[in-house]
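Contents: one structure, followed by commentary.
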Amino acid sequence: MNTMPTVPGTPSGTPPGTAPGGGGTGAPSVSEQERRRKKRGKGMTLRVNILTAFAALLSITVITLVAFAYHKNSTSVLELMGRFVERVSASGISSSMALLDPVETSVQATAQLAALDEAKARDGSLFPYMVSILRTQRQLQSLYLAFEADGRFLQAFPIPPGASKFGANDARPPEGSAFALRTVDRKGGKYSDVWVYVSDRGEEIGRETSDHLNYDPRPRPWYKDAIATRGLIWSDLLVYTSNRQPGITAAYPIFAADGRAIGAAAANVSTNQMSDFLAGLDLGWSGTAFIVDEKEQLIAHPDASRTVRQDGLKYSLVKADQLGEQVITDAFAAYHRNKAQTVSFDSGGQRHLGSFNPFPAELGKNWLMVIIVLEDDFVGTLKENSRDLVVAGFTVMVVGLLLVALLASWITRPLTLLTHEIQKIQRFELAGPIALHAIVAEVNELIHSMNMMKRALRTFGMFVPRDLVRELVASGRPIELGGQDKTLTVMFTDVADFTSLSERMAAGDLLVHVSRHLAAISECVAEEDGTVDKYVGDAVMAFWGAPIWRDDHALRGCIAALKAQRVQALMNAEWASQGLPTMFVRIGLHTAPVIVGNIGSAWRMSYTAMGDGVNVASRLEGVNKVYGTQICVSQAVLDAAGPSLLARPLDLVAVKGRKAGAQVYELMALREGDPNLAPTPEDLEICRLTTEGFSAYQDRRWSDAIALYEQLAALAPADKVPAIFIERCRHYLAEPPPADWTGLFEMKTK
């Protein structure tokens, strides 16, 4: 990053003297010299000459110094302003894309769920799932399904708080309504449109019907484009009648088993949140930011009400040049004329800077983030201060040489220090205010303005992680593919005998069943600041220690596993009371160095972890199958987590694919902390007997080990561990192992 030069000190020197010299080849005559002397007059006194010379010299010095300082400072501020505008633009684009990316995933997931069981999708069984998406993605105006055969249409809306008009009849929704569930049916050529209003807990509060809208989704552009492209599409910008705000639609086809497109899932995305983000930007006194599409229609604006125009009962989108602001018209003219993303132009006799940054190509839309700022909002104070400094310099000249020198020093020193502060701002070093004070009020105004700029930049840093902002500012590079070595705690979960479970349940019911299980596991991970890496069918992979480092990542992973075990037990009790199948969840935890970072391609990245430590965690989940346990952890996990855990030793195991063995433990409880995870007296006794029994087994005290494991079997009849070790010990009593026996058990399966 380039740094600004410091303001030089006051130049010094003496007025140039006038060297005597004669004219021509000979000296003038005495009479000629006298005539010249009388013509010039007596001249000024020495005092006046000194004061005049100093005044001239000081005038030149002051003017030069002010001009030089203004040029350097204004250049630096303008450069900083340009960078600031570009970063704000990138932040606005990133924030906007963050609203759109999860919508694509949700629409595709909804379409895939509908494809699994079309009948359940058509009868409204997916409404609870659709409502759950609306709860988490506030930018959605609605989520809906449409079917090709008869135009059946199911749509879920979140009802804005305080809405006075909503639904088919544009009336006030029932009190307590949180969501509206709409079903359009066209059976037998008859049209019906039923709206059901439900509370936040899913309880029906009221309903209404309509037969005059006659809505058929199949001719709609979003539906036809999704069917034609057989993939995800984003519609053009439109105005939603429900909230009179602009938005776009994401749609994805629903495919039958034979590959036919039988319908489409779609979601309407309101751009209100983009407008809210723009309204929070600090771009000076007169700066503005907005987003337009390829037709230069407003997608988002700090004043969201200006994005839509009403003509009678008709609502239409507003173009940027229809806002009635000359500066915007001039900005677009300069943009079209220069064909550049950043343009400098004049409007209303003032200089402005315009930034026109395109959205990423993967969006498939030619959107622009437009930012327009007035240069004087950033350098105007410098101009005023420069004029005031000139006046102050000439005033000080009248007081005297000493006072002038003193005041000059007091004036220039704050400016020099302020230039260093500007350099710090360029490096995004924004900690604390600029603690400077000058005797000139205008300089203090400049310091105050710079402090306001620092606060504005700190506010910008709140929109994205501050460390990430600092890294991007320092490097000047976007986020790229790559990873780093880190020691993480990795967890794998799996549902026992899932194949049998899937055979006993219909596909739609199974999806709801598994989704609830995965949601419970994910919530436990999130509560302990973990990262859910991926879902693989009924399995979950998660890790702790990245992207946010936690010193207690191993302990957090163990607590999350114990919470997941408890939550699943509560769900199993509920399911059993309802006659539904239960799930036995096996969990594996391992702490090891892995590679974690952005892995994938330039088009699609995934933040994930990979390496041998990840494989070991996966194998530890499978160890539960052999010993009938639920949570298996490695020695590395216990070493990193500390003494807060209650765990019993299971065996010295070499998981499949590895020759080296490692001690494996069953995680049982949390000794201190959450009382719901605390051990029972029975847990403590089981842990004691297992520990002593396994110690005797490793010491080849077969009879002692058998006695301890028999006590364990009597205490916990359902425990598989005692039977395994009793059988081994009896075998070794009859046929003792060789001298180099270590007790290592090699697993042959995952």
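For clarity, every value in this text was computed on a predicted model and none was experimentally measured.
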### Where Ala289 and Ile371 come nearest, the two heavy atoms and their spacing
CB-CG1, 3.8 Å
### Query
Under the 3.5 angstrom rule, does the side chain of Thr493 hit a backbone N or O of Val540 as a donor-acceptor pair?
yes
### Task
Nearest 0.5 Å please: distance from the CG atom of Leu237 over to the NZ atom of Lys295.
9.0 Å
### Task
Report yes or no: is the cationic atom of Arg182 (NZ for Lys, CZ for Arg) closer than 6.0 Å to the six-membered ring centre of Tyr215, at no more than 45° off its axis?
yes
### Task
Quick one: closest heavy-atom pair of Arg186 and Asp216, and the distance?
NH1-CB, 3.7 Å
#### Entry: Lys190 atom NZ, neighbour heavy-atom count above 12 within 6.0 Å
no
### Task
Calculate, to the nearest 0.5 Å, the distance between atoms NE2 and CE belonging to His517 and Met571 respectively.
7.0 Å
### Message
With a 4.5 Å cut-off on side-chain heavy atoms, are Asp321 and Ile328 touching?
### Response
no
### Message
I'd like to check Met491 versus Phe543 (side-chain heavy atoms, cut-off strictly below 4.5 Å). Are they in contact?
### Response
no
#### Entry: Asp200/Arg135 salt bridge by N-O under 4.0 Å criterion
yes
#### Entry: Side-chain H-bond candidate by donor/acceptor type, Asn366 with Glu294, under 3.5 Å
no
### Message
How long is the straight-line distance from CG of Leu140 back to CE of Met130, given to the nearest 0.5 Å?
### Response
10.5 Å
### Summary
Residues pairing under side-chain hydrogen bond (donor to acceptor under 3.5 Å, both in side chains) where one sits in residues 253-264, two or more places apart or in two chains, turn out to be Asp258-Arg260
#### Entry: Glu175 atom CD, neighbour heavy-atom count above 12 within 6.0 Å
no
### Query
For Tyr129, which residues count as a ring pair (Phe, Tyr, Trp, His ring centres under 6.0 Å) partner, sequence neighbours excluded?
none
### Task
Could you tell me whether Phe147 and Phe153 have their ring centroids closer than 6.0 angstrom?
no
### Message
Under a 3.5 Å distance rule, please check whether Ser522 uses its side chain to pair with a backbone N or O of Leu518 as donor and acceptor.
### Response
yes
### Task
May I ask you to decide if Trp367's main-chain N or O and Asp293's side chain share a donor-acceptor pair within less than 3.5 Å?
no
### Query
Do Met369 and Val292 come close enough that some side-chain heavy atom pair is under 4.5 Å?
no
### Query
Heavy atoms, side chains only, cut-off 4.5 Å: are Lys319 and Gln322 in contact?
yes
### Task
Answer yes when Lys120 and Asp509 have at least one side-chain N-carboxylate O distance shorter than 4.0 Å, and no when they do not.
yes
### Task
Check whether any side-chain N or O of Ser94 sits under 3.5 Å from a backbone N or O of Ala90 as a donor-acceptor pair, and report yes or no.
no
### Task
Give the ring-plane orientation class for Tyr252 versus Phe255, where under 30° counts as parallel, over 60° as perpendicular and anything between as tilted.
perpendicular
### Message
If we ignore hydrogens and angles and just use 3.5 Å, is the side chain of Trp575 paired with the main-chain N or O of His513 as donor and acceptor?
### Response
no
### Query
If we only count heavy atoms from C-beta on, is the Ile372 to Val370 side-chain gap below 4.5 Å?
yes
### Query
Would you say the side-chain atoms of Ser235 pair up with the backbone N or O of Thr249, donor to acceptor, closer than 3.5 Å?
yes
### Message
Looking at every non-hydrogen atom in both residues, tell me the closest pair between Pro174 and Gly206 and how far apart they are.
### Response
CG-CA, 4.4 Å
### Task
Supply the atom-to-atom distance Ile631 CD1 to Ile587 CD1, rounded to the nearest 0.5 angstrom.
4.5 Å
### Query
What is the minimum heavy-atom distance between Ala265 and Val107, and which atoms define it?
O-CG1, 3.3 Å
### Polar side chain donor-acceptor pair, Ser142 to Asn268, under 3.5 angstrom
yes
### Message
Just verifying a value: how many Å separate Ile233 CD1 and Glu104 CD, rounded to the nearest 0.5 Å?
### Response
11.0 Å
### Query
Do the rings of Trp195 and Phe166 sit parallel, tilted or perpendicular, given the 30° and 60° boundaries?
perpendicular
### Task
Just grab all the ring-ring contact (aromatic ring centres under 6.0 Å, His included) pairs involving residues 218-238, residues at least two apart or on different chains.
Tyr144-Trp222
### Task
Please confirm whether the backbone N or O of Ile559 pairs with a side-chain atom of Glu528, one donor and one acceptor, at under 3.5 Å?
no
### Query
Would you say Arg152's side chain and Arg122's backbone share a donor-acceptor pair under 3.5 angstrom?
yes
### Task
Check Leu126 against Ala121 and note the closest heavy-atom contact, atom names and distance.
CD1-CB, 3.9 Å
### Query
So do Glu204 and Ser199 actually touch side chain to side chain, heavy atoms under 4.5 Å?
no
### Query
Can you check whether Arg87's main-chain N or O pairs, donor with acceptor, with Ser91's side chain at less than 3.5 Å?
no
### Query
With a 4.5 Å limit on heavy-atom distance, are the side chains of Thr531 and Pro547 in contact?
yes
#### Entry: Glu574/Arg516 salt bridge by N-O under 4.0 Å criterion
yes
### Over 12 non-hydrogen atoms of neighbours within 6.0 angstrom of CD in Glu523
no
#### Entry: Any donor-acceptor N/O pair, Thr271 side chain to Ile299 backbone, under 3.5 Å
yes
### Query
Passes side-chain contact (heavy atoms from CB on, under 4.5 Å), Val318 versus Gln297? Steps please.
CA-CA 6 Å; Val318 176; Gln297 298 177 126; over 6 Å; no
### Query
Are side-chain heavy atoms of Leu501 and Leu510 found at a separation under 4.5 Å?
yes
### Any side-chain donor near an acceptor of the partner, Gln341 and Ser355, under 3.5 Å
no
## Note on the structure
Between Arg218 and Glu148 the two heavy atoms that sit nearest each other are NH1-O, 3.1 Å
### Query
Once you round to the nearest 0.5 Å, how far does OG of Ser515 lie from CG of Asp538?
11.5 Å
